[in-house]
2 protein chains.
Amino acid sequence: MATRDTGTEKLIKDTAKRVFFAEGRLHATTQDIADAAGVNRTLVNYYFRSKDTLITQVYEEGMNDLSQRLAQVMETEKPFRERIEDFIDVFMADSMEFPYQETFLITEMNTRGNLYHKENMSEKVENFSKQIQAEMDAGRLEKMDPIHFAMNMFSMMIYPLVMKPMYKQFYSMDDEQFNRMMLERKQLVCNMLFKK
Amino acid sequence: MATRDTGTEKLIKDTAKRVFFAEGRLHATTQDIADAAGVNRTLVNYYFRSKDTLITQVYEEGMNDLSQRLAQVMETEKPFRERIEDFIDVFMADSMEFPYQETFLITEMNTRGNLYHKENMSEKVENFSKQIQAEMDAGRLEKMDPIHFAMNMFSMMIYPLVMKPMYKQFYSMDDEQFNRMMLERKQLVCNMLFKK
DNA sequence: TAAATGTTTAACAATTTTGTCAAACAAATA
DNA sequence: TATTTGTTTGACAAAATTGTTAAACATTTA
């Protein structure tokens, strides 16, 4: 059937992503999403048939998006350090917009019972680990299991953004101060990773 | 009214904490919790009146618990580095048991709209920042805004545990391998923080 | 313009989740 | 032992959330 493309379907999905990934309202109802999108709730069913379908699509697209962003750091041809620098710059900018993306994905995995992801990351991840190992062998990185390097990198980039509401309270910061903090972090995380 | 103390109230609350903080099933219903506890769902209402009350109690106790655990690192009298070492050891052990505690708290804050916490951490946090600053001034730590030191520490401890399901998939690990990894991390996180 | 087709809406129905109550039960105590 | 009091249970009720339908609406196209 020839769709008329009013943009409503995309609007609903994008709004759902905003509510889940950006605002971190993981318990949002279809009504919440419809309200946030400024449309009638029935349209969620018209375009997605059920809440479950919408959530599944948001989950899969969120997962695919993450996979692609990860592939980015694991595949480029630039020198290692430069590549990490670029990656941190891009990845943190993304995470500042959607801090709860990974949290949403994990929560879904935990509630539905480990949904597996078709795309096989194993090969890419292994390759990335080898690259890290090579840097270590060349004496340009502190020696450790390469997985720790990856964990350190992602932790330091994402987690402070997830904990933003707490940091704002504990350190009495407003949004602007916090965001400045996070921009500073791009450089700082890089330093932490390459310090020897 | 003299309670007979069958332990049921505590059982329900502890089970709720297990479901939310340990299993990360943030959408769990009262039925889910009752089932996990092996009790009749009606008892949730008998002891807590409403789901909301239960959640609020779990939230507040989770927040208090976190406050106390944080106070631990900010107040002890030992030398700074030793204190951090001890703290990482204890805090990571706790987080391995309840990886999603902070995630639950943040999610609640996001869905209810920044519940504030009576206990004022500002003073303790400021004091902790001063201690970090002192270490930096003494040349024992890389210079940076003290908040980054704290963010780095908590990120590297907690986030990999939250992302466990993903790491297990991406790196093809079982639970035992992953746990070994996390025990290694105690030392490693400490090294990262004090490397100059 | 009229018919056809896709979109949006409101009213309604079904399902899921939560809350209430009275009766059954068990332990303490008079 | 009988009574009292607190606990547990199942049946039921209420509320919240999700899903369906028919009609109104708007756009395309014959």
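Just so you know, these numbers come straight off a predicted model, no measurement behind them. Every chain is numbered from 1, with letters handed out A, B, ... down the list of sequences.
Rounding to whole angstrom units, CZ of residue A:Arg49 and P of C:dT7 are separated by 15 Å. When rounded to the nearest whole Å, the span between NE2 of A:His27 and C1' of C:dT18 equals 16 Å. Computed from coordinates, the B:Ile12 CD1 to D:dT9 P distance equals 10 Å when rounded to whole Å. The CG-P distance, from B:Asp52 to D:dA14, rounds to 21 Å in whole Å. Rounded to whole angstrom, the span from the CD1 atom of A:Ile55 across to the C1' atom of D:dG19 amounts to 15 Å. Rounded to whole angstrom, the span from the CG atom of B:Leu54 across to the P atom of C:dT17 amounts to 16 Å. Across the protein-nucleic acid pair, B:Gln31 atom CD and D:dA16 atom C1' stand 16 Å apart, rounded to whole Å. Rounding to whole angstrom units, OH of residue A:Tyr46 and P of C:dT8 are separated by 7 Å.
A donor-acceptor contact under 3.5 Å links the side chain of B:Arg41 to the base of C:dG19.
Taking the centre and axis of the six-membered ring of B:Phe20, the NZ or CZ atom of B:Arg25 falls outside the cone set by 45° and 6.0 Å.
The side chain of A:Ser50 lies closest to D:dG19, out of D:dT17, D:dG19, C:dT18. Checking C:dT7, D:dA11, C:dT9 against the side-chain heavy atoms of A:Thr42 singles out C:dT9 as nearest. For A:Tyr47, taking side-chain heavy atoms from C-beta onward, the closest of the listed nucleotides C:dT7, D:dT8, C:dT18 is C:dT7. Among D:dT8, C:dT9, D:dG10, the nucleotide with an atom closest to any side-chain atom of B:Asn40 is D:dG10.
In this structure, B:Phe91 has its ring center closer than 6.0 angstrom to the ring center of B:Phe154.
Here A:Thr8 reaches the OP1 or OP2 of C:dT8: one of its side-chain N or O atoms lies under 4.0 Å away. Between A:Thr30 and D:dT18 there is a side-chain N or O to OP1 or OP2 distance below 4.0 Å. Here A:Asn45 reaches the OP1 or OP2 of D:dG19: one of its side-chain N or O atoms lies under 4.0 Å away.
Counting non-hydrogen atoms of neighbouring residues, nucleotides and ligands closer than 6.0 angstrom, the NZ atom of A:Lys143 exceeds 12 such neighbours. Atom CD of A:Glu176 has 12 or fewer neighbouring heavy atoms from other residues, nucleotides or ligands inside a 6.0 Å radius.
Counting only N and O atoms by type, the side chains of A:Asn127 and A:Glu123 include no donor and acceptor under 3.5 Å apart.
Nucleic acid contact for A:Thr29: sugar-phosphate only, since backbone atoms but no base atoms lie under 4.0 Å from a heavy atom of the residue.
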